[in-house]
Amino acid sequence: MKNIVILISGRGSNMQAIVDAAVPEARIAAVVSNRADAAGLAWAAERGIATAVLDHKQFDGREAFDTALAALIDGYAPDLVVLAGFMRILTAGFVTHYENRLINIHPSLLPAFTGLHTHERAIAEGVKFAGCTVHFVTAELDHGPIIAQATVPVLEDDTADDLAARVLKEEHRLYPMAVRLFAQGRLRIDGGRVRVLPPQ
Ligand code: GRF
């Protein structure tokens, strides 16, 4: 059984998808947010999951916040830390501390469209396919070994919201699957690539 800590900043629909997937090999040890008003916190608490808030505004800089955040997370003895719409840039020290046990979901087909406003940019570029990526986190933003991707078509008259909704549906399928592969010990980082091992 792997202990999982999920970090959110907002609605937490990916966190909900992971909780609802009830991965047999994983236990959600806690949901942590940098914002007390993150809607996902109440949802988790209602289901008896431990929740915690660490407000980044109370800290003097990123290093101090990340040090306190790691101490809080480590209190739950995580095997895996899952970023699910956690809207903070993490320091290299934090990322190194959780090397190979920190994953993120990004709403684009990385390495295309790192950063924010992915759907607007995808539409503006005229790409025909968009999607989402689950990856191990490294110090470089939205980089790191890719665990899984899902694609969706970009349709002629899509608004950014249309595309976001289509991608989000795939996120909710992809992220629990990636968490499960990790919890089953089936992800092997090999150079910059992730190999998915067959089931035991
Ligand atoms: C998702 O689109 C995710 O890919 C991105 O932030 C959004 C979080 O949404 N990193 P939610 O809070 O999981 O609903």
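Since we're looking at a predicted model, the values are computed, not measured. First listed ligand is number 1; within each ligand, the first listed atom is number 1. By convention here, the first residue in the shown sequence is residue 1.
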Is Asp190 salt-bridged to Arg188, cutoff N-O under 4.0 Å?
no
I'd like to know if Asp158 and Arg166 make a salt bridge, using a cut-off of under 4.0 Å between side-chain N and carboxylate O.
yes
Heavy-atom nearest neighbour in the protein, as seen from atom 4 (O) of ligand 1, with distance rounded to 0.1 Å:
Glu171 OE1, 2.7 Å
Heavy atom of Gly12, distance to ligand 1 below 4.0 Å:
yes
Quick check on Ile105 - does any of its heavy atoms sit under 4.0 Å from an atom of ligand 1?
yes
Note, Ile6 side chain near Ile49 side chain (heavy atom, < 4.5 Å):
no
Which atoms of ligand 1 sit under 4.0 Å from any heavy atom of Gly85?
6 (O), 8 (C)
Applying side chain to side chain donor-acceptor pair (under 3.5 Å), run through Thr118 and His106 and close with a yes or a no.
CA-CA 9 Å; Thr118 53; His106 183 75; 5.3 Å; no
Is the closest N or O pair between His106 and ligand 1 shorter than 3.5 Å?
no
When you check the gap from the basic side-chain N to the acidic O, do Glu25 and Lys2 get nearer than 4.0 Å?
no
What protein heavy atom sits nearest atom 9 (O) of ligand 1, and how far away is it?
Arg11 NH2, 3.3 Å
Which residue from Ser9, Ala164, Ser108, Pro107 reaches closest to atom 5 (C) of ligand 1 through any of its heavy atoms?
Pro107
Do Leu110 and Asp142 have side chains that approach each other closer than 4.5 Å (heavy atoms only, starting at C-beta)?
yes
